Amino acid sequence: MSLGALLGRRNAPDPSHPNIRRWYKRLDKPAFTPPDPVFGAVWPIVESGLAIGGYRLLRQRPSEGRNLGVALWLLNTCMIGGWTELFFRKRELGASALASGAMIATGAGYVAAAAKVDRPAAALGLPFVAWLGFATLLAEQVWQRNPDPNASVS
């Protein structure tokens, strides 16, 4: 979890990153975009659920199912940070929307694999998949509304 969290922190559109913040504020976003504090509140909850679920899986007896769940858990935790790198740092809106969609698939795969080994671990992954559904819709809309994301920078 720490690598994804560090990348996410490195790319956050907050006052400690004024260029990223200014660029993000100028993007044309849909009306259903939550206020910035919502993102700051939701991601720690979602990531904490993943962390606890991953810990629960790691404590299970090694098996193919458990190992698949752990692998998908690790993949998803890395993809969180990778998404912020694509969207905020590289300003690759199309690639970030596609990556977000891929994370829905890998997140659902994690939940399915975890459910066979530890149902509470799987349940803790459900908010991640649900949030990704919303985040993917949002990312796709931002991409469509901003065909040249660097034009938003002055």
Side-chain angles (χ1 to χ4, degrees), residues 1-58 68-115 121-154:
M1 291 303 290
S2 62
L3 177 60
L6 286 174
L7 277 174
R9 180 70 203 113
R10 174 180 178 242
N11 299 316
D14 63 21
S16 67
H17 303 105
N19 290 338
I20 293 172
R21 184 178 179 85
R22 186 172 28 257
W23 171 79
Y24 178 72
K25 290 284 187 195
R26 291 183 178 160
L27 287 174
D28 181 13
K29 296 181 277 302
F32 61 84
T33 303
D36 291 346
V38 171
F39 291 104
V42 169
W43 274 110
I45 293 167
V46 167
E47 289 179 320
S48 294
L50 280 178
I52 295 165
Y55 174 76
R56 290 185 60 92
L57 283 181
L58 287 168
L68 175 61
V70 168
L72 287 166
W73 170 72
L74 288 170
L75 175 63
N76 281 288
T77 59
C78 291
M79 288 176 78
I80 292 168
W83 185 91
T84 66
E85 188 73 16
L86 280 173
F87 186 88
F88 292 111
R89 181 79 45 185
K90 294 185 178 181
R91 300 177 181 170
E92 295 287 342
L93 302 183
S96 68
L98 294 171
S100 187
M103 287 170 57
I104 293 172
T106 59
Y110 161 74
V111 169
L124 288 164
L126 290 173
F128 174 67
V129 177
W131 180 252
L132 285 174
F134 172 74
T136 300
L137 175 62
L138 184 58
E140 187 275 332
Q141 287 292 303
V142 170
W143 174 33
Q144 295 303 315
R145 293 165 175 257
N146 299 275
D148 182 3
N150 292 313
S152 300
V153 180
S154 62

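Worth saying up front: this structure is predicted, and the values here are computed from it rather than measured.
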Quick one: pull up [atom1] in [X] and [atom2] in [Y] and give me the separation to the nearest 0.5 Å.
X: S100; Y: F134; atom1: OG; atom2: CZ; answer: 10.5 Å
X: L137; Y: T33; atom1: CG; atom2: OG1; answer: 9.5 Å
X: Q141; Y: N146; atom1: CD; atom2: CG; answer: 10.5 Å
X: R21; Y: R26; atom1: CZ; atom2: CZ; answer: 12.5 Å

Answer whether the closest heavy-atom distance between the side chains of [X] and [Y] falls below 4.5 Å.
X: T84; Y: R89; value: no
X: I80; Y: F128; value: yes
X: V142; Y: P30; value: yes
X: V42; Y: P34; value: no
X: K25; Y: D36; value: yes
X: Y110; Y: L68; value: no
X: K29; Y: Y24; value: yes

Provide the closest heavy-atom pair for [X] versus [Y] in the form atom of the first, atom of the second, distance.
X: G49; Y: L124; value: O-CB, 3.4 Å
X: I104; Y: G133; value: CD1-CA, 3.8 Å
X: M103; Y: L132; value: O-CD1, 3.4 Å
X: A121; Y: G53; value: CB-O, 3.5 Å
X: A99; Y: L86; value: CB-CD1, 3.9 Å
X: G101; Y: T136; value: N-OG1, 3.6 Å

Does L93 offer a backbone N or O that forms a donor-acceptor pair with the side chain of W143 under 3.5 Å? no
Counting only heavy atoms not in Y55, do more than 12 sit closer than 6.0 Å to its OH atom? no
How about W23 and F87: are their ring centres within less than 6.0 Å of each other? yes
Between F39 and W43 (judged by ring centroids, cut-off 6.0 Å), do the two rings come close enough to count as a pair? no
